[in-house]
K.L.:
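Right, I'll just put the structure down here and ask away after.
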Amino acid sequence: MSQARILIVTQPKSPVRHRLRARISALGLDEELGERLFSPDNWHQTWCGPFDSGQEALLALLAAGKAVQEAQLKAFELSFNRVRGEVGDRIHWSLRTRGRPEPFNQLLTTLQTELESHGFKDGGHRPHITISYRALHALPTRRIDPVDWLIDEIQLVERTGTGKQLRYQVLHRWPLASGSPPRPQQLRLFH
């Protein structure tokens with residue numbers, strides 16, 4: 001992970017991050033992970049990437065973000081209600097959501113379609129926040145009190161460094177359209 005990489009993410013604002021961290025702490029998982037806890041300052045939902053930093057990838061990701069903005073995709077909520085650790089190449093512990101909202105799929109599809117038109121294949125993203133990329137063991141599902149997170153923007157970031165020096169620098173932001181549907185005008189039934 002020492003080479004600079006670029007990706008599109010959404011990072012939770014401090015109040016959401018603090019509520020999520022409190023849920024992890026209440027289960028004692030932060031103490032159990034110790035140094036293996038991924039810094040909460042870097043927690044994020046990945047939408048596409050990471051790709052090696054370079055002009056082609058940068059232009060493709062900028063076009064993908066622009067496509068989301070032009071599509072006027074709406075802001076939406078993810079509701080995190082559990083923690084789970086899966087074994088794969090590495091053992092990841094992640095915060096997981098209740099369901100997979102359709103706006104999540106729309107955002108992901110818009111980004112992937114635009115990336116493919118620029119020759120970049122990407123996929124496999126699901127609603128989650130990784131809290132450890134190198135846990136020592138799997139973790140059966142542990143329920144938490146739900147934490148709702150409004151996804152109201154996406155960010156193009158460059159990831160540099162490793163370990164405690166890992167940083168995500170925001171290069172560009174695209175706000176999502178207001179997620180609140182317009183209220184219908186109340187009919188005047190009586191004059």
Side-chain angles (χ1 to χ4, degrees), residues 1-17 20 38-81 84 86 88-90 92 94-131 133 147-162 166-182:
M1 267 206 276
S2 59
Q3 179 181 352
R5 310 270 280 165
I6 54 177
L7 56 159
I8 293 180
V9 302
T10 301
Q11 296 176 298
K13 293 175 178 68
S14 290
V16 171
R17 198 170 57 242
L20 291 169
F38 188 53
S39 171
D41 291 338
N42 292 326
W43 286 357
H44 62 275
Q45 167 65 56
T46 303
W47 298 106
C48 53
F51 300 108
D52 290 339
S53 290
Q55 191 68 15
E56 278 186 68
L58 178 62
L59 292 174
L61 289 170
L62 285 169
K66 184 178 177 185
V68 166
Q69 195 165 35
E70 288 174 352
Q72 289 292 298
L73 297 181
K74 303 264 190 250
F76 61 95
E77 282 190 345
L78 292 177
S79 182
F80 292 88
N81 66 347
R84 183 173 172 191
E86 293 181 341
D89 293 342
R90 293 179 288 172
H92 288 193
S94 302
L95 289 154
R96 299 293 185 85
T97 63
R98 177 182 339 172
R100 184 180 173 119
E102 187 52 34
F104 180 95
N105 295 330
Q106 292 169 348
L107 177 55
L108 202 54
T109 299
T110 302
L111 289 166
Q112 290 174 345
T113 300
E114 186 64 29
L115 283 173
E116 284 179 20
S117 76
H118 290 268
F120 286 84
K121 181 96 171 106
D122 192 45
H125 302 291
R126 61 180 177 215
H128 78 287
I129 295 174
T130 300
I131 62 169
Y133 286 94
V147 175
D148 294 335
W149 175 21
L150 178 65
I151 304 294
D152 59 359
E153 76 171 6
I154 59 172
Q155 306 150 352
L156 172 61
V157 298
E158 182 174 52
R159 182 182 72 197
T160 58
T162 59
L166 183 68
R167 299 287 176 260
Y168 288 82
Q169 178 185 356
V170 177
L171 305 176
H172 198 75
R173 297 173 187 271
W174 295 274
L176 299 179
S178 171
S180 302

K.L.:
Apply side-chain contact (heavy atoms from CB on, under 4.5 Å) to Arg17 and Gln11, showing your working.
P.N.:
CA-CA 9 Å; Arg17 198 170 57 242; Gln11 296 176 298; over 6 Å; no
K.L.:
Are Gln155 and Arg173 close enough, and set up right, to give a side-chain contact (heavy atoms from CB on, under 4.5 Å), and what steps lead you there?
P.N.:
CA-CA 4 Å; Gln155 306 150 352; Arg173 297 173 187 271; 3.3 Å; yes
K.L.:
Dump the intermediate steps for side-chain contact (heavy atoms from CB on, under 4.5 Å) on Leu150 and Val16, then the final yes or no.
P.N.:
CA-CA 9 Å; Leu150 178 65; Val16 171; over 6 Å; no
K.L.:
Phe38 and Thr130: which non-hydrogen atoms are nearest, and at how many Å?
P.N.:
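So the minimum-distance heavy-atom pair works out to CD2-O, 3.7 Å.
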K.L.:
Would you name the heavy atoms of Thr97 and Pro127 that are closest together and state the gap between them?
P.N.:
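Here Thr97 and Pro127 meet closest at OG1-CB, 3.3 Å.
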K.L.:
Determine the minimum heavy-atom distance between Leu108 and His125, stating which atoms define it.
P.N.:
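What the structure gives for the nearest pair is CD2-O, 3.5 Å.
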K.L.:
Taking all atoms of both residues into account, what is the closest heavy-atom pair of Gly65 and Leu111, and its distance?
P.N.:
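Nearest pair, atom of Gly65 first, then Leu111: N-CD2, 4.1 Å.
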K.L.:
Is there a side-chain contact between Ser53 and Arg159 (heavy atoms, below 4.5 Å)?
P.N.:
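No, every pair of side-chain atoms sits at 4.5 Å or beyond.
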K.L.:
Once you round to the nearest 0.5 Å, how far does CH2 of Trp149 lie from CD1 of Ile151?
P.N.:
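That separation rounds to 4.0 Å.
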K.L.:
Within the 4.5 Å heavy-atom criterion, are Leu73 and Pro103 side-chain neighbours or not?
P.N.:
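Side chain of Leu73 against side chain of Pro103, heavy atoms only: no contact under 4.5 Å found.
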K.L.:
Shortest non-hydrogen contact from Gly49 to Leu7?
P.N.:
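Where Gly49 meets Leu7 most closely, the heavy atoms are CA-CB, 4.1 Å.
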K.L.:
Does Glu56 CD have over 12 foreign heavy atoms under 6.0 Å away?
P.N.:
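No, CD of Glu56 has 12 or fewer neighbouring heavy atoms, counting only those of other groups under 6.0 Å.
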K.L.:
What's the spacing between Glu153 CD and Leu176 CG if we round to 0.5 Å?
P.N.:
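Atom-to-atom, Glu153:CD and Leu176:CG are 8.0 Å apart.
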K.L.:
For a side chain to side chain donor-acceptor pair (under 3.5 Å) with Trp47, tell me which candidate from Thr10, Thr110, Asp122 qualifies.
P.N.:
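For Trp47, the side chain to side chain donor-acceptor pair (under 3.5 Å) check succeeds only for Thr10.
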K.L.:
Nearest 0.5 angstrom please: Glu102 CD to Phe76 CZ, how far?
P.N.:
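Answer rounded to 0.5 Å: 10.0 Å.
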K.L.:
How many angstroms lie between atom CG of Leu171 and atom CG of Leu62, to the nearest 0.5 angstrom?
P.N.:
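That separation rounds to 8.0 Å.
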K.L.:
With rounding to the nearest 0.5 angstrom, report the CG to CD1 distance, Leu61 to Ile8.
P.N.:
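If I round to the nearest 0.5 Å, the distance is 4.5 Å.
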K.L.:
How close do Arg126 and Phe104 get, heavy atom to heavy atom, and via which atoms?
P.N.:
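Shortest heavy-atom separation between Arg126 and Phe104 comes out as C-CZ, 3.5 Å.
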K.L.:
In the structure I gave you, are the side-chain heavy atoms of Leu59 and His118 within less than 4.5 Å of one another anywhere?
P.N.:
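SC-SC contact between Leu59 and His118 ruled out.
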K.L.:
Hey, what's the ring geometry for His44 with Tyr168, parallel, tilted or perpendicular (30° and 60° as the breaks)?
P.N.:
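Ring orientation of His44 relative to Tyr168: tilted.
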K.L.:
side-chain contact (heavy atoms from CB on, under 4.5 Å), that's the test. Do Lys13 and Asp152 meet it? Break it down for me.
P.N.:
CA-CA 11 Å; Lys13 293 175 178 68; Asp152 59 359; 3.3 Å; yes
K.L.:
Check whether any side-chain N or O of Gln45 sits under 3.5 Å from a backbone N or O of His128 as a donor-acceptor pair, and report yes or no.
P.N.:
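The answer is yes, because a donor-acceptor pair under 3.5 Å joins these two groups.
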K.L.:
Roughly how far, to the nearest 0.5 Å, is OH of Tyr133 from CZ of Arg90?
P.N.:
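OH of Tyr133 is found 8.0 Å from CZ of Arg90.
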K.L.:
Indicate yes or no: at least one non-hydrogen side-chain atom of Thr160 is less than 4.5 angstrom from one of Gln169.
P.N.:
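Side chain of Thr160 against side chain of Gln169, heavy atoms only: no contact under 4.5 Å found.
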